[in-house]
Structures are given as structure tokens and as C-alpha cells.
Asker: 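Attaching a single structure in C-alpha cells format; questions to follow.
Heavy atoms only: backbone and side chains are in, while hydrogens, waters and symmetry mates are out. Counting starts at 1 for both ligands and their atoms, following the listed order. A quick note: this is a predicted structure, and the numbers were derived from the prediction, not measured.
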Amino acid sequence: MAAKPEDYARVYAAFTAPVSRYDCGRKCAPHNEGTPVCCSADHAVPIVDKSEYELLKSRTDLWHDYVPKDSAGRKIVADMHASCAAVECKGVQFCERDNRSMACRAFPFFPYFTRERKLVGLAYYWDFEDRCWILSNLQVVDRDFVREFVAAYEALFAVDEDEREGMVEHSASMRRVFSRRNLPIPLVGLDGGFLAVEPRTHVLRPARVDEFLRHGPYRDEPPAPAAG
Ligand code: SF4
Ligand code: SF4
């Protein structure tokens with residue numbers, strides 16, 4: 001069973017909340033030659049399901065196939081599941097909120113599953129720790145975003161088991177990476193609170209946001225006030 005274009009249309013309609021009340025693009029763009037990191041294919045190439053791409057192409061000319069420019073780009077395309085496509089939009093000045101991909105809407109998070117395959121929260125794409133401002137300011141993540149994020153993925157998982165499997169595998173990869181680092185995995189819990197996954201034991205416990213590391217250029221900035 002796989003998600004169809006109409007499933008994505010339904011999910012898009014109910015997943016519109018921004019990740020934060022802050023315009024976070026203004027926070028990371030100064031460190032990325034003026035462009036928000038997640039809206040630049042030099043940093044983040046959206047991977048979409050082919051059904052999702054079909055829906056997007058029927059609604060807009062915002063998106064085109066991503067053409068790799070270097071070995072990192074070619075690896076992204078080579079590693080992709082056969083049911084997916086790597087895409088690129090026309091650029092941040094042409095963004096159409098209603099025609100953002102799931103990758104745009106969910107960034108910088110993915111659904112985190114425990115070893116027991118239980119969905120317990122939102123984990124982040126750790127490769128972006130040094131570039132995405134949100135990852136050093138998890139307190140700004142909005143509860144409406146968390147609620148819509150979880151509902152959107154639950155709806156997708158209900159019609160596409162591969163989607164769930166991909167996230168289960170990505171969660172396991174994150175456990176391996178953070179165990180090697182000997183650091184807890186920071187999670188935004190389903191209720192908007194914070195959790196940590198201990199390295200090696202993978203025990204899940206409540207956490208305070210101020211125990212999570214801050215990264216890159218954001219380490220030296222004062223933390224942003226929490227979401228209201
Ligand atoms: S989600 Fe992260 S990378 Fe994207 S605009 Fe916000 S701070 Fe920048
Ligand atoms: S569609 Fe909008 S949010 Fe998505 S990558 Fe393009 S500019 Fe960024």
C-alpha cells in the first residue's frame with residue numbers, strides 16, 4: 001500500500017502550522033549567504049514521494065527535478081528509495097506556502113520511533129546542527145506545529161507502511177550516531193515537552209531544554225524566549 005496524490009493533498013491541507021512563531025529564516029540566512037538553509041539545495045535537497053511529486057506538478061510549476069552539481073548531490077540521488085524523487089523549488093522568493101513539500105513543512109524534524117517501534121516525539125536531522133537555528137533553540141517549537149506534524153505523519157503511515165519503515169530506520173541510525181558521540185538524543189515530545197534518549201541504553205527520560213547542546217554560530221547567541 002502506498003500513499004496516493006490525494007492522500008498528500010489531504011495531509012497538506014491539515015499541516016500548515018509554521019515550526020515557530022519566529023521567522024527562523026532570518027536567523028539562519030545571515031550565516032548562509034542570505035538564504036534560509038533549508039530553502040537552498042546546496043544544503044538541503046527535498047526528497048518527495050513520487051505520488052507527492054505528482055500532486056505538486058498538478059498544482060504548481062514551483063518544483064523541478066534536482067540536478068546534482070557535485071559528488072554529495074549525486075550521493076543523495078543514489079541513496080534515495082526508488083519510490084522517491086529529489087526535487088528543487090524555484091527559490092525562496094517564489095515560495096508558495098500551500099505548495100510546499102512535506103519535507104519543507106516538517107523540516108528540521110522527523111518522527112522518532114523507539115526500538116519498540118513506538119512514536120514518541122520529533123527528532124531532528126542532526127546533519128544540520130551547525131546551520132539550522134531551530135536546533136539550538138528547541139524551546140521555540142510551537143505546539144500547534146507539533147500537533148499538526150504528528151497528525152500528518154499518522155495519516156501518511158496509515159496509508160503507506162514504507163513511510164513508517166523509513167522513519168523507524170532513520171531513528172535507529174540516529175541512535176547509532178548519538179551512541180558513538182555519547183550524547184543523548186534531544187526530542188520534542190508529542191505534548192510539546194522535551195525528552196532525551198540516553199546513548200547506548202536508549203532509555204527515554206524527561207528532559208529540560210537547557211541541557212541540550214547548542215551548535216555552530218548559535219552557541220554564542222543568547223537562547224530565544226520560548227514559544228508562547
Ligand atoms: S528551519 Fe532551520 S534551516 Fe530552515 S529556515 Fe528555520 S532556522 Fe533556517
Ligand atoms: S518551497 Fe518554500 S519552504 Fe520549500 S524549499 Fe522552496 S522556498 Fe523553501
Asker: To check your reading of the model: name the closest protein heavy atom to atom 1 (S) of ligand 2, its residue, and the distance in Å.
Answerer: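 The closest heavy atom on the protein side is Trp63 CZ2, 3.5 Å.
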Asker: Using 4.0 Å as the upper bound for N to carboxylate O, is an ion pair formed by Lys4 and Asp7?
Answerer: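 Looking at Lys4 together with Asp7, the answer is no, because their closest N to O distance does not fall below 4.0 Å.
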Asker: Counting only heavy atoms not in Arg205, do more than 12 sit closer than 6.0 Å to its CZ atom?
Answerer: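 Yes, CZ of Arg205 has more than 12 neighbouring heavy atoms, counting only those of other groups under 6.0 Å.
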Asker: One thing to verify: whether Arg164 and Glu154 come together as a salt bridge, which I'm taking to mean a side-chain N less than 4.0 angstrom from a carboxylate O.
Answerer: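 So Glu154 does not pair with Arg164 through a salt bridge.
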Asker: List the steps, then state whether ring-ring contact (aromatic ring centres under 6.0 Å, His included) holds for Phe212 with Tyr124.
Answerer: CA-CA 12 Å; Phe212 299 144; Tyr124 61 58; 8.3 Å; no
Asker: Taking only heavy atoms of Val37, which atoms of ligand 1 are found under 4.0 Å from at least one of them?
Answerer: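 That gives atoms 3 (S) of ligand 1.
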Asker: I need the nearest protein heavy-atom contact for atom 2 (Fe) of ligand 2: residue, atom name and distance, please.
Answerer: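 The protein heavy atom lying closest is Cys95 SG, 2.3 Å.
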Asker: Just let me know how Phe107 lines up against ligand 2, side chain, backbone, both or neither, with a heavy-atom cut-off below 4.0 Å.
Answerer: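 Neither part.
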Asker: Please state which option from Cys38, Ala106, Cys132, Cys39 has its nearest heavy atom closest to atom 4 (Fe) of ligand 1.
Answerer: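 That would be Cys38.
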Asker: Please list the nearest protein heavy atom to atom 7 (S) of ligand 1 with its residue and the distance rounded to 0.1 Å.
Answerer: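 Checked against all protein heavy atoms, atom 7 (S) of ligand 1 sits closest to Trp133 N, 3.4 Å.
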Asker: Can a side-chain donor-acceptor contact be found between Tyr8 and Glu54 if the only test is distance below 3.5 angstrom?
Answerer: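 No, no side-chain donor-acceptor contact under 3.5 Å.
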Asker: Against the six-membered ring of Phe113, is Arg117 placed for a cation-pi contact (under 6.0 Å from the centre, within 45° of the normal)?
Answerer: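 No.
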Asker: What residue and heavy atom of the protein are closest to atom 8 (Fe) of ligand 1, and at what distance?
Answerer: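 The answer is Cys28 SG, 2.3 Å.
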Asker: Give the numbers and elements of all ligand 2 atoms closer than 4.0 Å to a heavy atom of Cys104.
Answerer: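 In order of numbering, the contacting atoms are 1 (S), 3 (S), 4 (Fe), 5 (S).
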Asker: Can you tell me the protein heavy atom closest to atom 6 (Fe) of ligand 2 and the distance?
Answerer: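 Its nearest protein heavy-atom neighbour is Cys89 SG, 2.3 Å.
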Asker: Would you mind running through ligand 1 and noting each atom that sits below 4.0 Å from a heavy atom of Gly25?
Answerer: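 By the 4.0 Å cutoff, the relevant atoms are 5 (S).
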Asker: Can you confirm if the aromatic rings of Tyr218 and His31 lie within a centre distance of less than 6.0 Å?
Answerer: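 Yes: the rings meet the under 6.0 Å criterion.
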